[in-house]
Amino acid sequence: MAAQEIDPTFLALPYHRLGHAALERARDFGVTHADFRFERNRYQHFSVRDGALEGAQDGEDLGFAVRVILDGAWGFASGVGLTESDAVTVAETAITVAQVAARMTTRPVQLAPEPVHHDATWISAYDVNPLEVPLAEKTGLFAGWTRELIAADGVDHATGNLLQVQENKYYADLAGSSITQQRVRIEPYLEVHGAHPSTGAFDSMRTIAPPVGQGWEYLDGGDTFDFDAERVELPGLLREKLAAPSVAAGTCDLVIHPSNLWLTIHESIGHATELDRALGYEASYAGTSFATYDKLGTLQYGSPVMHVTGDRTSAHGLATVGFDDEGVETQEWDIIRDGVLVGYQLDRPMAHTYGAALNGGRSNGCAYADSPGHIPIQRMANVSLQPAADGPDVDGLISQVERGLHIIGDKSWSIDMQRYNFQFTGQRAYAIADGQLAGQVRDFAYQATTTDFWGAMEAVGGPQTYELGGAMNCGKAQPGQVASVSHGAPSALFRDIRILNTSEEGTS
Amino acid sequence: MNVRPQRLVEHILDRSTSEHCIAIVSDSTSANLRWANNTLTTNGVMHSVDVTVIAFQGNGNASVSGSAATLDQVNALVDQAGAAAAVADAAEDRADLVEGQAAEDWEDGPADTSIQVFETFAEELGDAFGQAEAESRILYGFVFHEVSTTYLGSSTGLRLRHVQPTGHYGCTGKDAALTNSAWVGGATRDFADVSAARMAADLTTRLSWGERRIDLPAGRYDTVLPPSAVADMLVYAYWEAGARSAHDGQTVFSKPGGGTRIGEELVAPGIRLWSDPSYAGLETAPFVVAGASSDRSSVYDNGVPICPTSWIDRGRLTALHQTRHTAEMTGQPNTPAIDNLVLDIDGATGTEADLVGGLDDGLLLTCMWYIREVDPQTLLLTGLTRDGVYRVEGGEITGAVNNFRYNESPIDVLTRYTHASETVPSFSREWGEDFFSRTATPALRVPDFNMSSVSQAL
């Protein structure tokens, strides 16, 4: 990776002055805490269809927020002006909001301590900022790919899109921390569509290349994912899917590829071990968690081969950052060890109350706000299932299955508000018969309860099967916020999981 | 930066050196309160001024958006859009820009809101926390109010303004053991019609329904979907109603072998699904605002008037979301997507309570959650019931049942329902807060709603 520098156009913005003005104004009111966060997030998105550009948009979200604790109550306000007077006004609005909030705040807010990080800088690992690559070069490449794809036998239509983000943040607080950061991330995808020539049934096949914290090199000869090879395979995979038999509903074993398993981890472990959910903060929206705090150290989450970590530090992880949005230096920790719940994701208010037993009294750095206009809340770390050091490769897992499915790529997903009952589909599934792959099947979904499912995980693959998956559209909080997060996983073997035939579930 | 949005529009159009230019300036203020465990957790007041500059040059265009923090930044957006348009790929959806003139309200300033919009609500909420605490109930919820004023100007003379208030409230109540859960929520334009005291009282009533717990297995049940749950399912169907994806053979609205199903009988004959930007209480922009082109929007269509549109009429599919480009492609009138949705059913009378009263043995839902498409071919959706599934026996609610995962298609639901109430303003629990809050729907009774498995979630 080339050494990067913070974008000079961000450095030129007056955030130091605004921060100083806002924090000093907050200090006048006797706040117990005040922080100032200035952000500039740049986005570029385009879509192509059947060889032509469909639309492209560049976006920039620039602004700042002031958060205070006054009389034990939060006050938050944000604005977009770039003068010190604007900063003072927003600080005063935050004070007013805290005064209104105090009437309804029955338990005072306190923060876990964090060392002061003065004048710190952090930049994510990437080679080429995708926003600096000319748009026409990128749209030309993607449009060309869809043109190639529709020329293939069995492909009626091909679509593609690319989302690229450059996130710059400056954080400062009254304790003395001041942190400047820059991250880059990218999400490409291509999808082909076709219909069965005689039945007219239609279907699609999409790339499984995950979004990552990388630059344009991800699509241009990088060594983390062979996007070209995947693209070339799409038409054949679609043809096979359209011709495949419908799956038999019932119970069977599953060997799940990381490109599918990451999402199951995200929904049934990642969200379930967010302490704010376990404490009920999301009860009226995203939901709570069955993995409540009283079960720490005793809840048998899954089988003994299950080792799950949380981190905001892994290379190219979408949740990876140097410091979180409360000025906490990021870390890595265990969430599930030997199948038992041992950790949660924290922010500073929760770490004040619960952090002693979880992280030596300190937050593990999971506060994040998706824009300058939103308040930081606890968001997901990279939550990953660890491989077995001497575990088998995917063929070794498949060889242990008499009758089952090998599932690749994510598609439909849904889980209940306490993270018990889930249902997932995938891009494609192959029947397994007597330890061998036996061609694709259609119309599959797997449905399970979280602890039953992870309890049925008999084996995890070795490090050679480990891949990073992830999403850039994880939703939580009110007002709604979107976060990006990665999940690493090996391929893994699950016994006796319920399979639905989705065409039988409908009644048309 | 203290520049009036209209001046910002004129500044952008003046500065642009492209053949044509569109400027969209949106001034938004919002306020929110969020609570959990009978105490406030987060809150905020936000103000933003967002600018989108769309430059048109030759066969191409470029759209660039940003925050209008300084005039320099706005200038940079204009210059960036102009430069990008000059080298942009040809746009498939290119068309003449809409011509027009200044609307009567063009010179009016942006409307706004503040934390004070919750003044009465907040006081009642504080009391509700005290009462809930004393009576061993726990409240969790959120209120949000936003006023957004959009100014759309073009080099072809358009000067259009629209003020969009959006508000909603929602509160979940639980018993102290966290085994009984209920929800109430709704949409509002100004919070004048929202009472925290009434909200808390409704939750108390619903929690009393759940004091008796009944476990039921997965299966098909005679089920009353309240207006909120009907909106949960229909909003998804509405999002799938793009003409281009239907034309390309990718949705339930696609005709096997090619083309759309417009003109075909789709659901029961009494169904009318429609949108109207002037529908009382659900008013929304009467002209197209498109920041970027996609399979269902076109930057060239900015300013196209939006008329009331029936998507389904007398059970037949009559229209899909179009741009002028897709309208030509599909040989249909241009019927742009509209930001509200109404389901009317011929001959429907009475209320949700009347449907419950007529149900001998079945279920009453509260709302749905985590709805996702399983099969685009049938628009099979999966999701969960949430915060109150009630057992109905002899027309009476007799207790609360465990939650379920369902697998159902809204198209099938609109075909198989046996009873419908009158249409009322509704609020989708799943989609209302972040995406689509303006709905009016009836309650529907579906005789064999497919509860695929039991969810242990409480």
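In what follows, chains carry the letters A, B, and so on, assigned in the order in which the sequence lines appear, proteins first and then strands, with residues in each chain numbered from 1.
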A:Asn421 and its side chain to side chain donor-acceptor pair (under 3.5 Å) partner, picked from B:Ser452, B:Ser455, B:Ser453: B:Ser453

Under 4.5 Å, counting heavy-atom pairs only, tell me which of B:Ser48, B:Ser297, B:Pro376 racks up the most with chain A. B:Pro376

Please confirm whether the ring centroid of A:Tyr285 lies under 6.0 Å from the ring centroid of B:Trp183. no

Main-chain N/O of B:Leu458 paired to A:Gln418 side chain as donor or acceptor, under 3.5 Å: yes

Report which part of B:Glu146 has an atom under 4.5 Å of a heavy atom belonging to chain A: side chain, backbone, both, or neither. neither

CD of B:Gln73 to CZ of A:Arg40: how many Å apart, nearest 0.5 Å? 8.5 Å

Identify which part of B:Asn37 has an atom lying under 4.5 Å from any heavy atom of chain A, answering side chain, backbone, both or neither. both

With a 3.5 Å distance limit and no angle check, can you tell me whether A:Glu60 reaches the backbone of B:Ser65 through a side-chain donor-acceptor pair? no

Okay, A:Tyr420 and chain B: the region with an atom under 4.5 Å from a heavy atom over there is side chain

Heavy atoms only, distances under 4.5 angstrom: which of A:Ala143, A:Gly280, A:Gly200, A:Ala98 has the most pairs with chain B? Name it, please. A:Gly280

Please classify the contact of A:Leu135 with chain B as side chain, backbone, both or neither, using a heavy-atom distance under 4.5 Å. neither

Closer than 4.0 angstrom, basic N to acidic O: yes or no for B:Arg405 and A:Asp416? no

Which portion of A:Thr93 sits near chain B, non-hydrogen atoms under 4.5 angstrom: side chain

Output yes when a side-chain donor or acceptor of A:Thr106 lies under 3.5 Å from a complementary backbone atom of B:Asn38, and no otherwise. yes

Please classify the contact between A:Phe290 and chain B as side chain, backbone, both or neither, with a heavy-atom cut-off of under 4.5 Å. neither

Are the side chain of B:Ser293 and the backbone N or O of A:Gly55 linked by a donor-acceptor pair below 3.5 Å? no

Here the pair of heavy atoms bringing B:Gly383 nearest to A:Ser414 is CA-OG, 4.0 Å

Judged by atom type as modelled, is there a donor-acceptor pair below 3.5 Å linking the side chain of B:Gln377 to the main-chain atoms of A:Phe202? yes

Examine whether an atom of B:Asp50 lies under 4.5 Å from a heavy atom of chain A, and if so say whether it belongs to the side chain, the backbone or both; otherwise answer neither. neither

Give, for atom NE2 of A:His193 and atom CG of B:Asp248, the distance between the pair rounded to the nearest 0.5 Å. 8.0 Å

Quick one: does any side-chain atom of B:Asn43 pair with a main-chain N or O of A:Trp74 as donor and acceptor, under 3.5 Å? yes

Minimum heavy-atom distance between B:Arg386 and A:Ala286, given as atom pair plus value: NH2-C, 4.4 Å

Which atoms of A:Ala477 come close to chain B, meaning under 4.5 Å heavy atom to heavy atom: side chain ones, backbone ones, both, or neither? both

Tell me, for B:Lys255 versus chain A, whether the close heavy atoms (under 4.5 Å) come from the side chain, the backbone, both or neither. neither

Between B:Ala90, B:Gly44, B:Ser30, which shows the greatest number of heavy-atom pairs under 4.5 Å with chain A? B:Gly44

Heavy-atom distance under 4.5 Å to chain B: side chain of A:Thr449, backbone, both or neither? side chain

If one checks every heavy atom of B:Ala122 against chain A at 4.5 Å, the contacting part turns out to be both

